[in-house]
**Student:** 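There's a structure below that I have some questions on.
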Number of protein chains: 2
Amino acid sequence: MFVRVTTDLAYRATSLGELGIASDSNQKVSLNEFTYKKGTEIYGEKEPAEYVYQVKAGAVRSYKLLSDGRRQIGAFHLVGDIFGLENGSEHRFTTEAIVSTTVRLIKRRSLEMMAESDPMVSRNLLSMTTDNLQHAENHMLLLGRKTSLERVAAFLIEMDRRLTAAGVIPLPMSRRDIADYLGLTLETVSRALSRLHELDVIGFVGSDQRQIVLVNRRQLARLDLQN
Amino acid sequence: MFVRVTTDLAYRATSLGELGIASDSNQKVSLNEFTYKKGTEIYGEKEPAEYVYQVKAGAVRSYKLLSDGRRQIGAFHLVGDIFGLENGSEHRFTTEAIVSTTVRLIKRRSLEMMAESDPMVSRNLLSMTTDNLQHAENHMLLLGRKTSLERVAAFLIEMDRRLTAAGVIPLPMSRRDIADYLGLTLETVSRALSRLHELDVIGFVGSDQRQIVLVNRRQLARLDLQN
DNA sequence: CGGAAATTTGACTTCCGTCAATTGCTGTGG
DNA sequence: CCACAGCAATTGACGGAAGTCAAATTTCCG
């Protein structure tokens, strides 16, 4: 479904480069691309982890559900990000394409084999896992102790850092997604954004009122209490 | 300060065993023990990470602070647990002894060197980091989406698994610590425990009313909504 | 263009936090 | 051994930040 297989060597080099493998590597890995339509699942929690993914275009959410439907998004994966990297053999989140999303696939097995032989790959695997851990640790502080305004400010700062184009943040995700990431309701997120708008901390781009926000970084940073 | 250096080989073997190093390893590592008094800091956030620690006796909390004093405890480290393992060179949490606590110390540098030469050590480092990540991921769900009763139930289940002695959970930490771990106030934790007591889900051991709780596991599990 | 979906906004509720008083426990010193 | 100081925990009364429910408005997309 929505498959596009590629053996483009340029892709292979770049993708593996992220994992610390020299582009002239003669290791054989199966590498190809898939495109997922908006809203479709990439993999489910507890499914066997056969692939590791890198976002080439689009955006992905990964989340856990409680039995009654409450959802917690653990991370958004944007262009360039690698996700689906598990140490055990099972995925610990469900992931879905937020918008139409193209990913590169790397077979987990081949990655494991490369890690065995190449300590550089192994080290980068650890480094990536540590980055994820650090993000989760900071997010625990946000979820456990920050107010709604602080959470939304922190979210905008994070997205500004990760996907800004000259002061404009083209958010791919809905208010509900933001809410489930921040441990709030969509109404509370909307109210916080309105408040930030009143305070002239953020603005909205002319016609496309929703998805794009313009930032006044200085004030925003003051609203998110770090450390 | 409260130092006790040891070169006991049995300690060395056990400690390194946790990291996947054969006990007959002829690698040289500096290994010794420290005892920290109740309430004292082991290391601070942003300090250089010189050592990795293993709890030999006692209990440790690791936390982050916001500038106005709000605290989020990310994890409790109990007997046998390894903590202070960072990939970068800085600690990402402050850690303190909850009660009088003895830890084993392993020099970070020597661990890194062993990981270079031994892929088994390297793999176990990754495995431990992944375990921490998994804990943080589950805790994000708790902090973002669970009610106070669900949080306290989940906490008791976790502690039951980690430090129970035949149905009795000898909690080393205060209500405030539990609250800062669960993203609540100590009053809310106390009320939740009282509620669980009324519901005959938990009981308290005779004289020592506070620190020890007795469990009725079945009902408790029903109160914590998993997945 | 029109219906569906997303977002905003308002009114009201609720769960948890805040503040305060009380009780219970621990440890020290007379 | 007991008294008392000091801290931890419980309990109650009240308030507020965020949640719920609902309606209006805007945007999206076929």
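Because the structure is predicted, anything quoted here is derived from the model rather than measured. Values reported hereafter were calculated over all heavy atoms of this structure, with side chains retained and with hydrogens, waters and symmetry mates removed. Convention: sequence-line order gives letters A, B, ...; per-chain numbering from 1.
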**Student:** Rounded to whole Å, please give me the gap between CG in A/Asp177 and P in C/dT7.
**Tutor:**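 Result: 9 Å.
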**Student:** Got a sec, which residues hit ring pair (Phe, Tyr, Trp, His ring centres under 6.0 Å) with B/Phe93, two or more places apart in sequence or on another chain?
**Tutor:**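 B/Phe93 satisfies ring pair (Phe, Tyr, Trp, His ring centres under 6.0 Å) with no residue once adjacent residues are dropped.
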**Student:** Measure the angle between the two terminal helix axes of the helix from C/dC1-D/dG30 to C/dG30-D/dC1, five base pairs each, and quote it to 10°.
**Tutor:** 40°
**Student:** In chain order, what residues pass the side chain to side chain donor-acceptor pair (under 3.5 Å) check against A/Ser62, with sequence neighbours excluded?
**Tutor:**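 Counting only residues at least two positions away or on another chain, A/Ser62 forms a side chain to side chain donor-acceptor pair (under 3.5 Å) with A/His77.
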**Student:** Nearest whole Å is fine: how far is D/dA8 P from B/Ile178 CD1?
**Tutor:**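 In whole Å, D/dA8 P lies 13 Å from B/Ile178 CD1.
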**Student:** Whole angstrom is fine here: how far is it from CG in B/Leu171 over to P in D/dA9?
**Tutor:** 10 Å
**Student:** Counting N and O atoms only, with roles assigned by atom type, does the side chain of B/Asn138 sit under 3.5 Å from a partner on the main chain of B/His135, one being a donor and the other an acceptor?
**Tutor:** no
**Student:** May I have the distance from B/Leu186 (atom CG) to C/dA20 (atom C1'), rounded to whole angstrom?
**Tutor:** 13 Å
**Student:** Is a salt bridge present between B/Arg162 and B/Asp81, judged by a nitrogen-to-oxygen distance below 4.0 Å?
**Tutor:** yes
**Student:** Atom NZ of A/Lys38 to atom P of D/dC28: distance rounded to whole Å?
**Tutor:**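 Distance check: A/Lys38 NZ to D/dC28 P gives 9 Å.
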**Student:** Take atom CE of A/Met173 and atom P of C/dA6, then tell me their distance rounded to the nearest Å.
**Tutor:**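 Rounded to whole Å, this separation is 15 Å.
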**Student:** Would you say that B/Tyr53 contacts B/Tyr36 through its side chain, given a criterion of any heavy-atom pair below 4.5 Å between the two side chains?
**Tutor:** yes
**Student:** Can you give one letter per nucleotide of nucleotides 10-19 of chain C, 5' to 3': B if a protein heavy atom sits under 4.0 Å from the base, S if only from the sugar-phosphate, - if neither?
**Tutor:** BB----SSBB
**Student:** Can you give each donor-acceptor pair under 3.5 Å made by side-chain atoms of residues 189-198 of chain B, sequence neighbours left out, with the distance rounded to 0.1 Å?
**Tutor:**
{"unit_1": "B/Ser194", "atom_1": "OG", "unit_2": "B/Ser190", "atom_2": "O", "d": "3.0"}
{"unit_1": "B/His197", "atom_1": "ND1", "unit_2": "B/Ile202", "atom_2": "O", "d": "3.2"}

**Student:** Can you label the angle between the A/His91 ring and the A/Tyr43 ring as parallel, tilted or perpendicular, going by 30° and 60°?
**Tutor:** parallel
**Student:** Can you list everything that forms a ring pair (Phe, Tyr, Trp, His ring centres under 6.0 Å) with B/Tyr63? Sequence neighbours excluded, please.
**Tutor:**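 Residues passing ring pair (Phe, Tyr, Trp, His ring centres under 6.0 Å) with B/Tyr63: none at all.
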**Student:** Just to verify, which of B/Glu47, B/Arg108, B/Glu50 counts as forming a side-chain contact (heavy atoms from CB on, under 4.5 Å) with B/Ser89?
**Tutor:**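 Exactly one option meets the side-chain contact (heavy atoms from CB on, under 4.5 Å) with B/Ser89, and it is B/Arg108.
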**Student:** Roughly how many Å is it from NE2 in B/His197 to P in D/dA9, rounded to a whole number?
**Tutor:** 16 Å
**Student:** Taking atom P of C/dT7 as reference, at what distance in whole Å does atom CZ of A/Arg176 sit?
**Tutor:**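 The answer, rounded to whole Å, is 10 Å.
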